[in-house]
Amino acid sequence: MNAIRTTPPRPLDVAAVFPQLAPLARTATRLHPRPGAPSLHDSSIGGPLLWPADEPWPHCDAPHQGGGYSLIEVRAERRARARRAMYPDGAPDVPHYTPEEEAALAEIDWDAELPDGPVPMLPLAQFYVRDIPLLRPPGQADLLQVLWCPFDHEPMNMPRTALFWRSAAAVTDVLTSPPEWPVVEFEEYVPVPCVLAPEQVTEYPNSLELSEELREQLKDWSRWQAADAGVDSSYAPYPESYYHSHLSVAPGWKVGGWPQWGYTDPVPRLCPACDTEMDALLTIATFEWDGGNRSWIPEEDRAAASSRDDRYRDLCQPTAVQIASGHKQQLYICPAAPEHPHMELMQ
Ligand SMILES: [Zn+2]
Ligand SMILES: [Zn+2]
């Protein structure tokens, strides 16, 4: 962890205005990914995994339709773009790619048939419990590793994910060069290596998960006024949207907390193995914030987020991951047995 990110205090204590919300408070860990060079021993998104050399690398054996982008090209383009962004006033007269990148790109055989067989998965994230104490690992495990297959899969048309819990101390020989598939379906399925700055925040449920009575209260502008909470009167016709944008569910990549809904209504999340109600584990987000929820922008990023400087163009999409047209991929896990199959939803 080499950075701190601080979510500004919520504009008002919503549980004081609507006491029925108080027992529904839930802690989430915002991950605050930022491009960097994470090591094997860091919690990361898109970074190297502490993977044992003697354990098979996970592969996806579902059907795949060809490919879209060369992994080598995606990474070279990312690096070129990062170099360019360092010169907001115009890049000096240097080639787009380095000689090494040119050489690697020249090696690509664009007409080659893709190899047959299962697709090696890509590292998506790893989380050490010391950084994210919210995680509830099984047994002695203290590390969660998430991989995904960078192709759309049925039924939701998202990358398919796989979860692995392990004890970091048990990994002595590390796999240094995991197998890779030469192509990915979309460049947005190749995460930019990011370091994390985990931060715990308090969330309340999306209004679609609240009782009818509580939803009616949130729509009642007079209650907001009576609380003298200083909510902008432009919200008077739809005060519940103020709750939605600023007081309920945090945007961006996070562990735990309340799920966001809206793409669909809430659906039951029951463990396929034991029928237990599943917990929200990880939200894989396209955006860290958008125009409607800027109150969640960390203090440390607020100046940059308001800047037109090109260097900060990707600030709200640091991982470059995009789910569909800007959605989220949610992973749910069985609290009774983390090794039971997990569940994925798009929101
Ligand atoms: Zn696959
Ligand atoms: Zn279960």
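This structure is a prediction, so every number in the text was calculated from the model and none was measured. Both counts, for ligands and for their atoms, begin at 1 and track the order of listing.
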| query | Within less than 2.8 Å of the Zn ion (ligand 2), how many protein N/O/S atoms are there? | reply | 4
Centroid-centroid under 6.0 Å between [X] and [Y] rings:
{"X": "Phe164", "Y": "Trp51", "answer": "yes"}
{"X": "Tyr204", "Y": "Trp258", "answer": "no"}
{"X": "Phe18", "Y": "Trp224", "answer": "yes"}

| query | Among all residues two or more places apart in sequence or in another chain, which pass the salt bridge (Lys or Arg N to Asp or Glu O under 4.0 Å) test with Arg34? | reply | Asp301
| For Tyr238, which fellow cluster members are found when Ile, Leu, Val, Met, Phe, Trp and Tyr are connected by side-chain heavy-atom distances below 4.5 angstrom, either directly or through intermediates? | none
| request: Could you check whether the rings of Tyr263 and His327 sit parallel, tilted or perpendicular, using 30° and 60° as the cut-offs? | output: tilted
| Applying the 4.5 Å side-chain criterion to the ILVMFWY set and letting contacts propagate, would Ile323 and Leu147 be lumped into a single cluster? | no
| request: Less than 2.8 Å from the Zn ion (ligand 1) is the window; count the protein N, O or S atoms in it. | output: 4
| message | By the definition side-chain hydrogen bond (donor to acceptor under 3.5 Å, both in side chains), identify the one residue from Glu300, Arg30, Glu299 that meets it with Thr6. | response | Glu300
| Of all heavy-atom pairs between Tyr189 and Asn157, which one has the smallest distance, and what is that distance? | OH-O, 4.2 Å
